[in-house]
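First up is the structure itself, then whatever we jot down about it.
Since we're looking at a predicted model, the values are computed, not measured. Order of appearance sets the numbers: ligands from 1, and atoms from 1 within every ligand.
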Amino acid sequence: MTKTQIFKFGGASVKDASAVKNLAEILRNRLRKNMVIVVSAMGKTTNALEKLLELRMKEEDISSNSTILKNYHLEICKDLFPADHTIFSKLDNYFLQLEKLLVNPITKDNYDEYYDRVVAFGELISSRIVMEYLCEIGLVSVWQDAREFISTNSDFRFAKINWEKTRLNCQKNLKSILDQFPVVTQGFIGADPQGRTTTLGREGSDFTAAILATSLDAGSVTIWKDVPGVLNADPKLFEDTQLFDELDYQQAAQMTFYGASVIHPKTIKPLANSGIPLFVKSFLKPEAAGTKIFQLGKQNPIPTIVLKQNQILVTFRVTDFTFIEEEQIHTIYEQLNALKLRVNFLQTSAISVSIIIDQQLFKLEQLVNSLKNKFIIRYNEGLELLTVLHPDRKDFSDLNPGYEILLEQSTRNTVQFVRRKE
Ligand code: ASP
Ligand code: MG
């Protein structure tokens, strides 16, 4: 029997009606039973849902934002379906549920849980539209709620996978459906043991594809993107980029660690562990080979530039005449761990520790509050972390015109700059 294949389509590949039609064209000769289609929210829907939550928290009116979001999906559906199609009442229903949910007061204490329940609508609606459209044009597929098989803990917004349970769910409940039909499902969302909706972290749909692949012993995963594959820099930010035809799991994972946004950082590990190849292909040129990520066994030495935006530099200075020792670093890391903040860059001096972390709502405030009795803390927001992997030269000043460099660090294999627009 042929092995399961996973296709993942991100927000850009379903951002409007013609994108959905293009997705269907890609599937026309490729769709078969034993295939899972993982779909993200359409276009910038997740950001729009985050905005609704933000407005609701400030007790501001959400009706115009919510109408805009509904109309966006409605216009897409008008283009894809006949006027009497059931998708229109389903859409009404989704937005009714969403509005009902947003009537509840949202506070700092329940924010994460509400966040997951609210943003999940992006994926639920998008996957429903895609499945209905595929069926409409004769590509029969079935819709499945990912929360029925992606089992997580209750860390809302950053839920951890219960691999054993997820595998069991997939093998027991999903496999038998896949034996008969292709399945369309959502990326990014799961459910905790109480059945409450969770999410896996922003851009987590790639990770969903990898989770399903390992849990179903799939043959491959293909992520369809608006770029030709994995490039040695983001083509939206840099010129003259080069495509990697092949990449070792390890090198790809390293690139995502430093911030390459082409694949979600958590995607590679489960695939590498089970030896499942990952293809990154262009939905604009579906026939082109793209990039194959697998156990290549060697590094590709092309210099690679990775940019992480929305970074915060936090500097912790000792309050007396002591020097920085393990103990202080330990104290800081303990707090970072408690707040689930990852350090993207670290530099220590005799009397201070500087770290770079992602900008995250409330987290900086919590970090500062928890450590302000032990250190003098300063921070700068709105920074960028630029990393060059496999640098082929010493001088990278051409990469930073118009930027002030706050910190710099280099090793044999990487050069990093923390920078701010002048
Ligand atoms: N829709 C979610 C997000 O925008 C998940 C994803 O796109 O992978 O973060
Ligand atoms: Mg997205």
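Remark: R157 fails to qualify as a cation-pi partner of Y111 under the 6.0 Å distance and 45° angle criteria applied to the six-membered ring.
Considering H73, M42, K90, K70 in turn, H73 is the only one that fulfils the side-chain contact (heavy atoms from CB on, under 4.5 Å) rule with I125.
Looking at T199 and D116, their side chains do bring a donor and an acceptor atom within 3.5 Å of each other.
The proximity of H264 to ligand 1, defined as any non-hydrogen pair under 4.0 Å, does not occur for either the backbone or the side chain.
The salt bridge (charged side-chain N to carboxylate O under 4.0 Å, His left out) analysis of residues 220-236, with sequence neighbours excluded, yields the pairs D226-K236. Counting only residues at least two apart or on different chains, no side chain to side chain donor-acceptor pair (under 3.5 Å) pair has a member in residues 254-267.
Of the options E50, E123, R202, the smallest heavy-atom separation from atom 5 (C) of ligand 1 is shown by E123.
For G11, the heavy-atom gap to ligand 1 stays at 4.0 angstrom or more.
Checking only distances, K8 never comes within under 3.5 Å of ligand 1, N or O to N or O. For the pair S205 and ligand 1, the shortest N or O to N or O distance falls below 3.5 Å.
Near T46, with a cut-off below 4.0 Å to any heavy atom, the atoms of ligand 1 are 1 (N), 2 (C), 3 (C), 4 (O).
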